[in-house]
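Following: one structure in structure tokens, then a few remarks.
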Amino acid sequence: MGTRSLVLTLCCVALTVSAVRGFQALQPNNYVVGPQDILTVTSFDQDDLSGKYPVDADGTFTFPLVGRVKAGGLTLRELEAEIKRLLKDGFFKDPQLSVGVEQYRSQKIHIVGEVRNPGTYPLAGDMSLIEAVARAGSTLPSASGEALVVRAKPGQQTSAPVLPNGDETDVTTVDLKQLQSGAFSQNVSLRDGDTIFVPRAESVYVFGQVKNPGAYSIQRSTTVLQALSLAGGVNDRGATGRIKIVRIEKGKTIEVRVKLTDIVRPGDTIMVPERFF
């Protein structure tokens, strides 16, 4: 082999190793492998060892030379170290390889409520709330603007979606509008078995001198003025200074005089009276 050919060969090898290590860097090192995951093992010493390996129901898979390898319950880096240890036992002095995930199948999350495509989805590595909602096709117009991340407490895990249930679950409430505006502190990291519940927006009723009376879905902190805007605004006969809300409190119906900047409550009926002249 000439010098030029040798240089080209070494360059190709270097690029391949660099690309694989770049792929490895993108893999979440703390991901815990489980049954049905499909692993990608890349060996830099022996091409025949590289390939895709599905993890069986018992958490193991068959690897050339060493036989069955326990993968379930190990992180990717722990599994990588275990394969290297097995290969050192009579096969290679210092095996060089990397382990990644081709398909995430063992860990799942559930997305229910007001999203376009509710269902069960694989937990792909370090998935966060905003990624999960996007995978479900985003929220519907009828969504409340909040998402509940419901997590079963230890000993209560189930393969089915879990809804808020007192002491048996931990619930984190996320303001999706803040999250979409860049408040990444709201971007909850998800775990296996989490349920994301996007509730339906609650409604208020707008009647009287407005352009389009009816029921309208509201978000949290909706003001009287915003609710009136949903109804097309006050018409030319409406009296904005005498607006009142009919509200049910503790089983009793009360009337409350309000300003345009006051916050409405779910179930409120906003009444816009006619002007005297």
Side-chain angles (χ1 to χ4, degrees), residues 26-28 30-32 34 36-37 101 103-206 214-227 229-231 247 262-268 270:
L26 295 174
Q27 297 287 309
N30 60 346
Y31 177 78
V32 178
Q36 299 183 2
D37 283 340
V101 181
Q103 293 184 31
Y104 297 90
R105 291 183 177 178
S106 65
Q107 299 187 24
K108 297 178 173 61
I109 57 171
H110 312 282
I111 307 177
V112 297
E114 301 303 299
V115 293
R116 299 185 188 281
N117 300 300
T120 299
Y121 291 84
L123 178 61
D126 294 331
M127 182 183 286
S128 62
L129 174 61
I130 196 167
E131 294 173 275
V133 172
R135 183 162 295 192
S138 76
T139 57
L140 294 170
S142 55
S144 67
E146 292 183 339
L148 306 181
V149 180
V150 186
R151 183 168 295 162
K153 291 186 176 180
Q156 304 292 335
Q157 280 84 355
T158 174
S159 59
V162 291
L163 296 181
N165 187 17
D167 294 336
E168 295 183 0
T169 56
D170 290 321
V171 181
T172 302
T173 302
V174 176
D175 188 321
L176 291 176
K177 282 193 171 181
Q178 288 186 19
L179 179 56
Q180 291 165 357
S181 298
F184 292 110
S185 60
Q186 300 275 317
N187 198 17
V188 177
S189 294
L190 301 177
R191 299 180 188 172
D192 182 31
D194 281 355
T195 297
I196 300 167
F197 175 56
V198 179
R200 178 182 291 272
E202 298 186 88
S203 299
V204 295
Y205 306 90
V206 185
Y216 293 91
S217 297
I218 59 169
Q219 308 293 334
R220 186 171 60 176
S221 302
T222 297
T223 65
V224 172
L225 179 59
Q226 290 170 330
S229 298
L230 294 173
R247 177 177 293 160
D262 287 344
I263 303 298
V264 298
R265 300 180 187 176
D268 279 353
I270 303 172

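Numbers for residues simply follow the sequence, beginning at 1. The analysis underlying the following values was restricted to heavy atoms, covering all of them including side chains, and did not include hydrogens, waters or symmetry mates.
- One N or O on the side chain of D37 and one on the backbone of R105 form a donor-acceptor pair closer than 3.5 Å.
- Applying the salt bridge (charged side-chain N to carboxylate O under 4.0 Å, His left out) rule to D268 yields the partners R247; only residues at least two apart in sequence or on another chain are considered.
- Residues forming a side-chain contact (heavy atoms from CB on, under 4.5 Å) with S203 (at least two apart in sequence, or on another chain): S217.
- Residue I130 holds its CD1 atom at 4.0 Å from CG of L179, rounded to the nearest 0.5 Å.
- Here R191 pairs with nothing under the salt bridge (charged side-chain N to carboxylate O under 4.0 Å, His left out) rule; sequence neighbours left out.
- Taken to the nearest 0.5 Å, the CZ atom of R265 stands 11.0 Å off from the CD1 atom of I218.
- Here T139 contributes atom OG1 and R116 contributes atom CZ; the two are 7.5 Å apart, rounded to the nearest 0.5 Å.
- Take S142 and apply the side-chain contact (heavy atoms from CB on, under 4.5 Å) test, not counting sequence neighbours, and it matches E114, L140, R200.
- Taking all atoms of both residues into account, the shortest heavy-atom contact from A147 to I196 is CB-CG2, 4.4 Å.
- No side-chain donor-acceptor contact under 3.5 Å links D175 to the backbone of E146.
- The backbone N or O of I263 sits nowhere less than 3.5 Å from a side-chain atom of Q226 that would complete a donor-acceptor pair.
- For R135, the side-chain contact (heavy atoms from CB on, under 4.5 Å) criterion is met by Y121, A124, M127, not counting sequence neighbours.
- A pairwise comparison of heavy atoms in S189 and D194 identifies O-OD2, 4.5 Å as the closest pair.
- Across all their heavy atoms, A227 and V206 have their closest contact at O-CG2, 4.0 Å.
- The side-chain contact (heavy atoms from CB on, under 4.5 Å) check on E202 picks up P266, with sequence neighbours excluded.
- Atom OG1 of residue T195 and atom NZ of residue K108 lie 13.5 Å apart, to the nearest 0.5 angstrom.
- Residues I109 and A132 come closest through the heavy atom pair CD1-CB, 3.7 Å.
- Applying the side-chain contact (heavy atoms from CB on, under 4.5 Å) test between L129 and each of N187, T172, I111 identifies N187 as the sole match.
- Closest non-hydrogen pair, L230 versus Y216, comes out as O-CE2, 3.1 Å.
- Listed here is the closest heavy atom pair of L190 and S128: CD1-O, 3.8 Å.
- Summarising the geometry, atom CD belonging to Q107 is positioned 4.5 Å from atom CG belonging to D192; distances are rounded to the nearest 0.5 Å.
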